[in-house]
Amino acid sequence: MASEEDLISLAVVGALSGVAYWSSNYYIPALGELFIKAHLFGRDLNKSSDAKVPEALGVVAGMVFLVTRILYLVVSSISELAFNYELKRFSHDESAVHAIALMLFLGFADDVLNLKWRHKIVLSTLASFPLVTSFPGSTKVIFPKPVRGVLGTEFDVGILYYIYMSMLAVFCTNAINILAGVNGLEAGQTIVIAASVLAFNLVECFVYGNAVDQHLFSIFLFLPFIAVTAALLKHNWYPSRVFVGDTFCYFAGMTFAAAGILGIFSKTLLLFFIPQVLNFLYSVPQLFHIIPCPRHRMPRVNAQGLLGMSFTEFNPDELGGLGRLIVNVVRMFRLAHVEKIDDGKRLRMNNLTLINFVLYVLGPVHEQSLTIILLFIQLLGTCMAFAIRYPLAWMFY
Ligand code: UD1
Ligand code: MG
């Protein structure tokens, strides 16, 4: 169970998170003009106005988060010197900060320089190394009860586990960025996932008393993280006055990876990414250019001011064998809207994102309603995650 020292430290983190919310809420809009002057802005593609919206304001949220971590160290040093009272510290605090700071820097570089995908993958793999090299857990995989008679109880996967963790960090950093393009969605989904992970950590810590230190480590990360993200969401919500940028998506992804890997709950963490996993799998044909992928796959506003699907158009004869197979499977199972155009010579298919799939099922909706629907789906994902993590896991493990 959590000790008195844990609770007092938690109260300090909570108070600092309040300051983090207040400062982000102040600095995000205040610095917007400066970003526009530095040519860091985008156009809101689904609005009639051509106004410049400052881009990459996630860097302010990320900086405030990092400063909050440093302030905690300052407060704990003062507490030690002045009152001889030690606040809680974790041995892998620094590894988390290294990985998150590196990713924040990489995201900002991407917003400024528009890096190529191969650079982003290589650099985000490098940024995951501080986490992977200080992973405090075991590399053994425990088999579910029904197969233990045949396979045994556990199996040490060794180096493969480290590769898996590195790939998890790369996935988390890109998963949020490709479920994007609607006002409030990047920051909104992050809040839902972070609040869900926090709820899981609190239950483990204070209800079951399981691996208290690991979960406290994650709680200490998520309180200031939720605070800065909430402030960002406030300004990014429809109609967006700022864009979060790739900076925020990468920063958020690496914070999740840091909590999951160093808090030793990476498999549970993945359960909270169910919509992102579905979006990734649906996107694979376009991400790997098996089917043409335009620069933007976000939905598009129609004449009625509602958002509808966006499309990719191509001649199926110009696709490779795999591309034609995918198109046939998609048509057979009605996984996307596909229609013939140009007298049947070309096909028009909705861009393969979860956002377009929702619009394919529901028809056009208002931008704000679309964000709310997608956040509701994220919440359903959380309910599924808890149903898998607790009742099913008790049955099988
Ligand atoms: C990713 C997606 C892309 C999507 C884009 C939207 C993939 C492979 N890439 O690209 O399909 O279109 O995110 O963020 O899936 N914007 C808006 N409204 C918003 C948010 C963004 O109009 O609510 C526009 C603005 O012009 C903004 C730009 O999107 O400047 C940011 O796009 P960027 O983050 O650079 O796109 P990618 O991450 O490369
Ligand atoms: Mg982006």
Side-chain angles (χ1 to χ4, degrees), residues 32 35-36 38-59 62 103-104 106-121 124 170-190 232-253 275-301 307-312 349-357 359 366-372 374-375:
F35 277 62
I36 292 181
H39 292 274
L40 271 171
F41 61 83
R43 311 275 179 189
D44 199 328
L45 302 174
N46 287 318
K47 305 286 185 302
S48 50
S49 118
D50 203 26
K52 295 172 180 171
V53 181
E55 179 89 74
L57 263 296
V59 74
M103 210 59 208
L104 185 69
L106 167 62
F108 197 57
D110 187 22
D111 278 325
V112 175
L113 305 172
N114 273 319
L115 299 176
K116 297 214 156 50
W117 271 97
R118 58 174 183 280
H119 298 144
K120 295 189 210 184
I121 301 290
S124 49
V170 175
F171 171 76
C172 289
T173 51
N174 290 292
I176 296 167
N177 191 32
I178 62 169
L179 188 56
V182 187
N183 287 186
L185 185 57
E186 290 110 311
Q189 65 187 294
T190 302
L232 187 59
L233 177 61
K234 185 175 155 195
H235 301 284
N236 178 239
W237 189 255
Y238 179 92
S240 293
R241 280 134 308 171
V242 305
F243 286 142
V244 303
D246 292 349
T247 312
F248 174 73
C249 301
Y250 294 169
F251 154 62
Q276 285 69 20
V277 170
L278 293 177
N279 182 55
F280 171 73
L281 294 176
Y282 193 48
S283 295
V284 161
Q286 287 195 301
L287 294 181
F288 292 99
H289 293 279
I290 302 166
I291 287 172
C293 180
R295 167 70 184 88
H296 279 293
R297 302 194 298 158
M298 60 169 78
R300 286 302 151 98
V301 70
L307 292 196
M309 294 175 277
S310 65
F311 299 95
T312 174
M349 178 195 259
N350 66 262
N351 283 309
L352 301 172
T353 67
L354 184 67
I355 312 176
N356 282 316
F357 184 79
L359 294 171
H366 186 269
E367 182 162 8
Q368 183 169 262
S369 315
L370 181 57
T371 308
I372 294 172
L374 288 161
L375 295 185

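Order of listing sets the numbers, starting from 1, for every ligand and every atom in it. In this chain, residues are counted from 1 in sequence order.
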Side chains of Leu45 and Met298: does their closest heavy-atom pair fall under 4.5 Å? yes
When you measure from the side chain of Asn177 to the backbone N and O of Asp246, does any donor-acceptor pair fall under 3.5 Å? no
Under a 3.5 Å distance rule, please check whether Thr312 uses its side chain to pair with a backbone N or O of Met349 as donor and acceptor. no
Any sub-3.5 Å donor-acceptor pair from Arg43's side-chain atoms to Asp50's backbone N or O? yes
Out of curiosity, Arg297 CZ to Asn350 CG, how far, rounded to the nearest 0.5 Å? 10.0 Å
Interatomic spacing from CG in Leu179 to OG1 in Thr190 - rounded to 0.5 Å: 9.5 Å
Students often mix this up, so state it plainly: with edges at 30° and 60°, are the rings of His39 and Phe41 parallel, tilted or perpendicular? tilted
For ligand 1, the residues whose heavy atoms come within less than 4.0 Å (ordered by chain, then number): Gly42, Arg43, Asp44, Leu45, Glu55, Asn177, Ile178, Ala180, Gly181, Val182, Asn183, Phe243, Asp246, Leu287, Arg295, His296, Arg297, Met298
Between Ser283 and Thr353 the two heavy atoms that sit nearest each other are OG-CA, 4.4 Å
For the student: nearest non-hydrogen atoms of Trp237 and Leu375, plus distance: CZ3-CD1, 4.0 Å
Check the Mg ion (ligand 2) and write out every protein N, O or S atom at under 2.8 Å, as residue and atom. Asn177 OD1, Asp246 OD1
